[in-house]
Amino acid sequence: MNNKMSLPMQILIALVVGIAVGLVCYFGGFADITTNYLKPFGDIFVNLLKFIVVPVVLLSMIDGIISMNDMRKVGSVGVKTVVYFLCTTAIACVIGLVFANIFNSAGLFPVLDAASAEYEAKEFSGFMSTLVAIFPTNMWKSFTDANMLQVIVIALFLGGSILAAGERAKLCRDFVSSAYAVIEQLMSFIISLAPIGVFTYMAWVVATQGSEILVSLLLVIVCAYLGYIVHAVLVYSLSAKIFVGMNPVKFFKGAFAAMIFAFTSTSSAATLPVSKECAAELGAEDDIASFVLPLGSTINMDGTAIYQCVATVFLASCANIHLTIGQMIVVVVTATLASIGTAGVSGAGMIMLAMVLEALGIPVAYIGLIVAVDRIFDMGRTCLNVTGDIACSVCVTKWEGKKK
Ligand code: ASP
């Protein structure tokens, strides 16, 4: 056991020290120092986040598709599971957007500086042309432009083709899982640099914006948590009641251990063993839970979807960008896809947020504003992600007519 300070602790300290330094610079009138000498280090952290997002999306999606190999064997379970995941995630996006827009139109989200006001929001060019535009003509261009919808289409095609090619694609399969392992390693290294990003950006933001930004951060956290709670009460209670005929209180009692573990570990993947026990206790068939829970911990992220929607509206407001209805639809689609592409590990949802922002043309650097408090978002969203997986395993068991 090494006695190195844990990452959440480092981030907390970086946050407090960053705020303190920022306030000193704000009141002392030397905000320029933070802009010239601290912010560049935050920029490096954000650059790294941007640089990792394309390989993460590409490889994690292909890897996910390849591991669905046994979906054919469990065809009907697979289809029901994916339909449940997609529907609940889309509902999560809508709930997230509703709350974010309520907060935004009540004027609770800030507009930061005048420089970003020059930014022109991209016009939504209509459904058909958006549809055409997600199919790439040149794969490398999609990567260099970080066009995430195109990257996802490429991942779907490549993953499907690897499955279809069977034995002949063995080398590709092995390459993808090995490359994904490398990228995961790199991702955890980048996440370990978060304290630097947190300290430098926090000091800069507070020094240049004053203490108002702190109140805004609190508000955006409250907004996300309202979304999490409403989604849990509405979607999972109703799922338990309507689809399984189970009292929602019984459901949440049964899922409680996994929820708490997820809340503290901020990793769906790490919570898997506990989720399995909870699902079994709630009557999920073992073979179904063994399929649904690992798949869910990689692709079913309702909490992450809510967070991404709330954060997108918040950061758009900070950048003085007004999202149109068409762009809101893009948010729902990209946040659903981004949450599917999010790995079940701590902080992954924030990296995938870059994809949603890219799709809307919101400067990714704005993520720097919320990176400091990501852990607080992450605790709630992981708790919701895991609850959704357990709810799904119980529902699919019932639909398969196997409930004990
Ligand atoms: N930490 C989340 C999970 O493991 C993913 C995320 O960061 O949104 O479910």
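We count ligands from 1, going down the list as the structure has it; atoms in each ligand are counted the same way. If you read the sequence from its start, that first residue is 1, and numbering goes on from there.
- A side chain to side chain contact (heavy atoms under 4.5 Å, CB included) with Trp204 holds for exactly one of Ile33, Thr34, Asp43; it is Thr34.
- A distance-only check finds a donor-acceptor pair linking the side chain of Gln327 to the backbone of Thr324 [under 3.5 Å].
- The closest donor-acceptor contact from the side chain of Ser317 to the backbone of Val313 lies at 3.5 Å or more, if one exists at all.
- Of the possible polar contacts, none joining the Gln308 side chain to the Ala338 backbone as a donor-acceptor pair under 3.5 Å is found.
- In terms of N/O distances under 3.5 Å, ligand 1 is approached by Gly349.
- Atoms of ligand 1 found under 4.0 Å from any heavy atom of Thr304 (numbered from 1 in listed order, with element): 5 (C), 6 (C), 8 (O).
- Those atoms of ligand 1 with a heavy atom of Arg381 less than 4.0 angstrom away are 6 (C), 7 (O), 8 (O).
- When only non-hydrogen protein atoms are considered, atom 3 (C) of ligand 1 lies nearest to Ser268 OG, 3.2 Å.
- Below 3.5 Å of separation, one finds an N or O of Ala348 facing an N or O of ligand 1.
- In this structure, the protein non-hydrogen atom closest to atom 1 (N) of ligand 1 is Asp378 OD1, 2.8 Å.
- Judged purely by atom type and a 3.5 angstrom limit, Asp378 has no side-chain atom pairing as donor or acceptor with the backbone of Asp374.
- Within the listing of ligand 1, atoms 2 (C), 3 (C), 9 (O) sit less than 4.0 angstrom from a heavy atom of Asn385.
- Side chain of Ser339 to main chain of Ala305: no donor-acceptor pair is present (N/O by atom type, distance under 3.5 Å, no hydrogens or angles).
- For ligand 1 and Ser267, the ligand atoms under 4.0 Å from any heavy atom of the residue are 4 (O).
- Proximity of Met352 to ligand 1, defined as any heavy-atom pair under 4.0 Å, is not found for any part of the residue.
- Shown in contact with Met301 at under 4.0 Å from a heavy atom are these atoms of ligand 1, numbered in order with element: 9 (O).
- Each of the atoms 7 (O) of ligand 1 lies under 4.0 Å from some heavy atom of Gly347.
- Here the CD1-CD distance, from Ile196 to Gln10, works out to 9.5 Å after rounding to the nearest 0.5 Å.
- The aromatic rings of His231 and Tyr236 sit perpendicular to each other, their planes meeting at more than 60°, with 30° as the lower class boundary.
- Close contacts of ligand 1 with Thr266, meaning ligand atoms under 4.0 Å from a residue heavy atom, involve 1 (N), 4 (O).
- The nearest heavy-atom contact from the protein to atom 2 (C) of ligand 1 is Thr382 OG1, 3.3 Å.
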**Study point:** Verdict with supporting geometry, Asp32 and Lys39, salt bridge (charged side-chain N to carboxylate O under 4.0 Å, His left out)
**Key:** CA-CA 10 Å; Asp32 281 358; Lys39 182 175 173 283; over 6 Å; no
